[in-house]
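All remarks here apply to the structure that follows.
Here is the naming used below: chain letters follow the sequence lines, and residue numbers restart at 1 for every chain.
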Amino acid sequence: MQLHPMPDPASASQSSDTPSAAPTVRVLTVDDSASMRALLRSALASRGFNVEQCEDGQEALEWLARNEVDVIITDINMPRLDGFGLIEKLRTSAMHADRPILVLTTESSDEKKQRARQAGATGWIVKPFDADKLTTALRRVTHYHRTPVFQPPRPILTERPPSCAMN
Amino acid sequence: MSSYSPIQLAIADQSSPNDQPQRLIRITVVQGQARASADPSVEMNTILGSCVATCLFDPVARIGGMNHFLLAEPPKSAAADSFDSNYGLYLMELLVNEMLQLGAVKSRLKGRLYGGANINPDLGAIGSANAAFARDFLSREGIEKVFEDLEGARARRIQFRPASGLVRCREVAPVAAPTDKPLVRPQSALGNVELF
């Protein structure tokens with residue numbers, strides 16, 4: 001039950017682009033494997049995502065210079081420009097500096113993960129991916145990315161409930 | 001029954017002893033693994049029933065690798081994109097990536113496919129399904145398939161020299177093949193997501 005009236009997000013904006021409206025999320029997947037692209041397209045399109053695809057970092061960089069997406073999923077090991085290089089270049093561009101970028105990779109080493117983090121990746125997902133977990137991650141990062149201007153300020157908790165204890 | 005001495009059997013994570021560089025290093029590639037090497041003294045071994053092994057070789061860099069997988073039949077409720085082909089793709093990608101890290105070039109790779117026997121009639125054509133997946137992968141990825149010895153009803157022993165690309169395939173008694181059950185992977189480790 002909502003005890004305190006909150007500002008109606010829809011009235012604060014002409015947009016109906018609220019989280020509950022579940023707008024179509026545009027995803028760019030970057031992977032040099034045709035099989036992996038086909039699998040990702042099938043998994044994401046069937047879950048309601050609008051899927052765009054590039055074959056390596058260089059193609060993605062060129063495509064993203066002219067196109068907008070809500071979130072990028074990139075492999076690491078790719079010819080021409082790898083995932084690290086793609087993330088670093090996007091982070092220096094005004095257009096995509098804040099774009100959520102998830103790394104989807106077979107790499108399991110902590111060193112590679114830290115490198116992706118330092119390059120500016122938003123998250124790290126290890127293959128073989130679970131489509132439902134991937135979907136949850138996509139919804140979460142695009143929710144934060146798309147909606148902050150429409151969100152009412154969060155109530156400040158003066159006391160942290162035990163269930164929210166940091167662990 | 002094997003002519004292999006257990007003493008000579010090397011686990012993949014153990015590197016060649018520096019004092020014995022000429023010694024043959026045997027690596028057993030079991031189901032769920034992918035290994036690559038450019039070492040001329042390495043020989044990869046595996047025994048296949050319904051499982052499929054992919055041997056990839058870059059003839060210019062003289063780097064080879066092998067994987068060994070068995071895809072599970074997807075549950076009845078699962079969509080066509082269920083994790084089983086996802087798992088096969090994972091092992092294929094693992095193999096290719098291990099080779100690329102050693103200096104192989106994807107466009108130069110040649111593929112050989114082995115296994116996929118339909119040994120147990122009760123399991124249906126699970127071997128053929130695995131063979132079809134492997135053929136389809138090479139075709140999609142533009143990796144030339146130079147040889148296949150797939151399906152049939154006999155188990156196979158594979159010996160692969162990754163640095164030369166040479167493969168020896170012999171039929172063995174079905175009892176020699178490990179139990180053909182898909183690996184049950186820890187579901188908690190599947191597709192873990194970490195947001196930074």
Discussion item. Under a 3.5 Å cutoff, is there a donor and acceptor pairing between the side chains of A:Asp31 and A:Ser33?
Written reply: no
Item to complete: Could you list which of residues 92-103 of chain B have a heavy atom closer than 4.5 Å to any heavy atom of chain A, in residue-number order?
Response: B:Glu93, B:Leu94, B:Asn97, B:Gln101
Discussion item. So for A:Asp32, is it side chain, backbone, both, or neither that comes closer than 4.5 Å to the heavy atoms of chain B?
Written reply: both
Worksheet item: Which answer fits A:Thr122, side chain, backbone, both or neither, if we ask what part of it has an atom under 4.5 Å from a heavy atom of chain B?
Response: backbone
Fill in: Cation over ring face, A:Arg115 and A:Phe84, 6.0 Å, 45°
yes
Practice prompt. Give a yes or no on whether a salt bridge exists between B:Arg135 and B:Glu141, defined as a side-chain N under 4.0 angstrom from a carboxylate O.
Written response: no
Worksheet item: Does B:Lys110 come within less than 4.0 Å of B:Glu144, counting only side-chain N to carboxylate O?
Response: yes
Worksheet entry | Carboxylate-amine/guanidinium proximity below 4.0 Å for A:Arg37 and A:Glu55 | yes
Worksheet entry | NZ/NE/NH1/NH2 to OD/OE distance under 4.0 Å, B:Glu171 and B:Arg157 | no
Discussion item. Can you confirm whether the side chains of A:Thr142 and A:Asp70 place a donor and an acceptor under 3.5 Å from each other?
Written reply: no
Worksheet item: Checking A:Leu102 against chain B: side chain, backbone, both or neither under 4.5 Å from a heavy atom?
Response: side chain
